[in-house]
Every structure is written in structure tokens, then in C-alpha cells.
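Report on the following structure.
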Amino acid sequence: MKMVENIVAYIYSLTGLIFFIAWQMNFSLTKYFLKEKNFSKTLYLELFFLIIIVISYYLSSSVFFILLFVIHAANIFVIIFLKDQILDSLEILDSQIMEITTVFYYIVVGFLLIFLA
């Protein structure tokens with residue numbers, strides 16, 4: 001079922017595009033999601049992707065979805081249990097690097113799903 005991989009790829013690519021456009025308009029969605037008051041929104045975003053990945057794996061059984069499941073499950077674990085460490089490290093990390101990494105992650109995962117899954 002290549003259609004499932006394509007739909008998930010478009011969701012990831014669209015998310016990356018949204019983060020990129022916001023960054024180009026001088027608004028950092030990455031910094032927005034990593035503020036202490038918005039951590040619940042970050043958790044919901046990760047849960048959204050985790051649910052999409054579980055459903056997609058059920059429909060297509062692609063091994064690539066197992067890797068994405070592990071990544072999003074680890075992100076949820078970090079958000080829940082290591083929130084204070086994330087907030088402390090935000091002062092050290094360069095926001096441009098975080099933004100590029102976020103955009104790059106979503107777009108690359110989208111392309112990998114299209115070509116490898």
C-alpha cells in the first residue's frame with residue numbers, strides 16, 4: 001500500500017514546509033513549541049504523529065514506520081520526563097540551528113517515505 005506512505009510523507013513534508021515558512025517570516029515555531037507554557041502543544045504534536053505512524057504501520061507494515069515510532073515515542077518520553085533539562089539547554093542552543101534541524105527533519109522524513117518506504 002504505497003498510498004499510505006505517500007499520505008504520511010505529505011503530512012511530514014507539509015509540516016516541514018509550515019515550519020520553514022514561519023521561519024522565513026521571522027517566527028520560530030520550534031522556539032514557540034519549546035517554551036514552557038507550550039510543552040503540552042508539543043506533546044500533542046508528537047502524539048498526533050505517533051498515532052499517524054501506528055495507523056500507517058497497521059495499514060502498510062513498512063519497517064520505516066517502526067523507526068519513526070521509536071523516534072516519536074522517544075520524543076514523548078523526553079517531553080514528559082526531561083522537560084526541565086530541555087528548558088535549561090535552550091539558552092545554550094542556537095535557535096537557527098534548531099530551526100534548520102526541525103525543518104530538515106520533517107522534509108527529509110517526507111522524502112524518505114516517498115522514495116524508500
Name all residues meeting the side chain to side chain contact (heavy atoms under 4.5 Å, CB included) criterion together with Ile51; count only those two or more places apart in sequence or in a different chain, and write none if there are none.
Ile55
Can you establish whether the number of heavy atoms outside Phe39 located under 6.0 Å from its atom CZ is more than 12?
yes
Could you go through Asn6 and Leu113, starting from their C-alpha distance and side-chain angles, then the distance that decides it, and tell me whether this counts as side-chain contact (heavy atoms from CB on, under 4.5 Å)?
CA-CA 7 Å; Asn6 287 339; Leu113 275 168; over 6 Å; no
Residues in side chain to side chain contact (heavy atoms under 4.5 Å, CB included) with Val108, at least two apart?
Phe104, Leu112
Between Lys2 and Ile114, what is the shortest heavy-atom contact and its length?
NZ-O, 3.0 Å
Does Tyr105 have more than 12 heavy atoms from other residues, nucleotides or ligands lying within 6.0 Å of its OH?
yes
Under 3.5 Å, which donor-acceptor pairs link side chains of residues 10-20 to any protein atom two or more places apart or in another chain?
| unit_1 | atom_1 | unit_2 | atom_2 | d |
| --- | --- | --- | --- | --- |
| Tyr12 | OH | His72 | NE2 | 2.5 |
| Ser13 | OG | Ala9 | O | 2.9 |
| Thr15 | OG1 | Ile11 | O | 2.8 |

Verify the ring-centre separation between Tyr106 and Phe49: is it less than 6.0 angstrom?
yes
Side chains of residues 29-36: which donor-acceptor partners sit under 3.5 Å, not counting sequence neighbours?
| unit_1 | atom_1 | unit_2 | atom_2 | d |
| --- | --- | --- | --- | --- |
| Thr30 | OG1 | Glu99 | OE1 | 3.3 |
| Thr30 | OG1 | Glu99 | OE2 | 3.2 |
| Thr30 | OG1 | Thr102 | OG1 | 3.2 |
| Tyr32 | OH | Lys41 | NZ | 2.6 |

Phe48: what forms a ring pair (Phe, Tyr, Trp, His ring centres under 6.0 Å) with it, not counting sequence neighbours?
none
Quick one: list whatever passes ring pair (Phe, Tyr, Trp, His ring centres under 6.0 Å) with Phe81, sequence neighbours left out.
Phe77
List for me each residue that meets side chain to side chain contact (heavy atoms under 4.5 Å, CB included) alongside Val78, sequence neighbours excluded, and say none if there are none.
Leu82, Ile86
Quick one: list whatever passes side chain to side chain contact (heavy atoms under 4.5 Å, CB included) with Ile100, sequence neighbours left out.
Trp23
